[in-house]
Structures are given as structure tokens and as C-alpha cells.
There are 2 protein chains.
Amino acid sequence: MSNPIFKLNGRIWIETGDEKILGHGRVELLERIQASGSIRQAALQMKMSYKQAWDLVNHMNEHFGQPLVISHRGGKGGGNAVVTEHGLKVIGEFHLLHQKFQEFLTANSINLPL
Amino acid sequence: MSNPIFKLNGRIWIETGDEKILGHGRVELLERIQASGSIRQAALQMKMSYKQAWDLVNHMNEHFGQPLVISHRGGKGGGNAVVTEHGLKVIGEFHLLHQKFQEFLTANSINLPL
DNA sequence: TTGCGTTATATTTTATTTTATACAACGAAA
DNA sequence: TTTCGTTGTATAAAATAAAATATAACGCAA
């Protein structure tokens, strides 16, 4: 390990109480649900199990003031899921925070003697 | 879930390449090693196994340019571990970054309609 | 030279998390 | 009313991670 390059990195998320309810993975999931109209397709795209995706969606719906995703079963295509207006707002707000955080990361670095 | 309070939280760490080599847990471990002079005691205090603590120390020593911890076995007390000058420097630098990050977290928040 | 407590390491066991599998419920459309 | 693919849910299997256990190496001090 000669001449290592040290990089600052990190993650941010939203909590209520001490429970994490939104991070960048969940945001990506929401975006893929919106794009595909399907929890299953979003899960496949992100290579996670349907159960995990469903659990995440359910958790978000339970912990935000209003549901972020509304799903229907049966009907054309077997069922579908849509991201609510509130969900879109949440996505947008998180993107703003994420961008500021990226700026923080690039603006700060470790200063270590080699 | 009526009237939820959304809080921004997060973590930062140092990487080389794509490997995490220092975060707040490792920093605490270093500090406890320095305070106790023992990897084992530090591990006990943090309720982690000796093996896990040793692996973390070993990983840090391998990935920073110079060792952060020097250990000895045998002798008075059975052996000991000390944090190097470079290790102290690393701890200090991380604290600076961490403090700035805390300021970032308190300065930013989500804006969501209830 | 024996005992001591720690470091260092390997191996086994346990616990936790994740994934896979199965299937009922559903509603539109053929 | 049958088919279809998804949602929703439970259970089993598999994969990971963590912890427990064991033991050698070590060097000082009694």
C-alpha cells in the first residue's frame, strides 16, 4: 500500500425518531417504481427481491405523513404501482440535500502527511 | 404515524480506492486503544469481539501509509498496544471533518408539507 | 523456569440477514 | 369464466456476518 489516495465519502438519510426512512437506495427505488409503474420491475432492475422492495415501500408509506406509493393488484398487466405527488416532492427534496452533501464532500478532504 | 418529525442524519468515512478504511467506529476504537493501552480492553469496552477489533486495527495499519497502532505481545501485563503519532494525527483530522459534517447536518433539513 | 495476560490466528458455532419459493387475492380483458 | 402478471403474505432455504472457542507465541517478573 504505497502512495494511498484518501477520499472522503459518506451517506445521508432521513429519520423519524431513530428510524431510517429514506436514503439514496429508497429514492432510487421510488424513481424506478415511477418509471416502470411496477414494484416488481423496480426490484428486478435493482437486483433486490420483491419482498425487500415491498417492505421498503411499505415502511416508507407507514412513516411518512402520507403514502409515497399507491399500488393496485389485478387488472390490466396484473397490477401496478404509482408514486404519489407527495412521493415526487420527497424525491425532489432528497435530491436537493444530496447535491448539497456532494458539494460538502468535494469541498472537504483529509490532510495527512505521507 | 401522525405529525412525524423528519431529521437529516448521516455518516462520513475515509476511503482508499473503494475500501472504507476509517469511520467513526474505528476512530473510537483507536481512542480506546490509546486510553487503555490494549486492543482487548478497547474491544471489551465497545462490546465487540477481540477478533473484530484486531481485524479493524490490522486493516487500518495495512491501508494507511504508516501504522496507526503498534502492538507487542508478552512482557509486563501480557502485552500492549499504542497509537502512533500518525494515528493521533489521523484521529484529529477525522474529528475536524466530523465536526464540519455535524454543522452541515444541523444547517440542512427537509422541507415537506404535512 | 513458571505463571500471567495479551497478541495473533484458526476453527467452529451461533445468530442474523437475505434470498428463494410458494401461493392466495385481485381485476381487467379476452 | 379463464387467463394473465402483479400485489401481498408466509414460510423455507441459503448466504453472510458475528460471536464463541481454542491455542500458540510472546516476554517480563516472581
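Only a predicted model underlies this, so the values are computations on that prediction, with no experimental measurement involved. Atoms considered below: every heavy atom in the structure, side chains included; atoms not considered: hydrogens, waters and symmetry mates. Sequence lines set the chain letters: A, B, ... in the order given, protein chains first and strands last, and positions in each chain run from 1.
Side chain of His98(B) to main chain of Phe94(B): no donor-acceptor pair is present (N/O by atom type, distance under 3.5 Å, no hydrogens or angles). A donor-acceptor pair is defined here as one N or O able to donate and one able to accept, closer than 3.5 Å; such a pair exists between the side chain of Asn61(B) and the backbone of Leu68(B). In this structure, the side chain of Asn108(A) engages the main chain of Phe104(A) through a donor-acceptor pair within 3.5 Å.
Nearest to the side-chain atoms of Lys51(A) among the listed nucleotides dA10(D), dA24(D), dA24(C) stands dA10(D). Closest to the Tyr50(A) side chain, of the nucleotides dT9(D), dT9(C), dT6(C), is dT9(D). Considering only the side chain of Ser49(A), dT19(C) comes nearest among dT19(C), dG8(D), dT6(C). If you check dT6(C), dT19(C), dT6(D) against the side chain of Arg73(B), the one that comes closest is dT6(C).
With rounding to whole Å, Ile39(B) atom CD1 is found 13 Å from dT9(C) atom C1'. Taking atom CG of Asn80(B) as the reference point, atom P of dC26(D) lies 16 Å away to the nearest angstrom. We find that NE2 of His72(A) is positioned 9 Å from P of dG8(D), with the value rounded to whole Å. Protein atom CD1 of Ile70(A) is 16 Å distant from nucleotide atom C1' of dG8(D), rounded to whole Å. To the nearest angstrom, P of dA14(D) lies 19 Å from CD of Gln52(A). The NZ-P distance, from Lys76(A) to dG5(D), rounds to 14 Å in whole Å. Going from atom NZ of Lys47(A) over to atom P of dA15(D) covers 18 Å, rounded to whole Å. If you measure from atom CZ of Arg40(A) to atom C1' of dT21(C), you get 12 Å, rounded to the nearest angstrom.
Mapping Gly77(A) and Met48(A) onto DNA chain C via the closest heavy atom, the residue that lands nearer the 5' end is Met48(A).
Phosphate contact (OP1/OP2 of dT7(D), side-chain N/O of Ser38(A), threshold under 4.0 Å): present. For the pair Ser71(A) and dG8(D), the criterion of a side-chain N or O lying under 4.0 Å from OP1 or OP2 is met.
Here the straight-line distance linking atom NE2 of His59(A) with atom NZ of Lys20(A) works out to 11.0 Å at 0.5 Å rounding. Here the CD-CG distance, from Gln34(B) to Leu88(B), works out to 5.0 Å after rounding to the nearest 0.5 Å.
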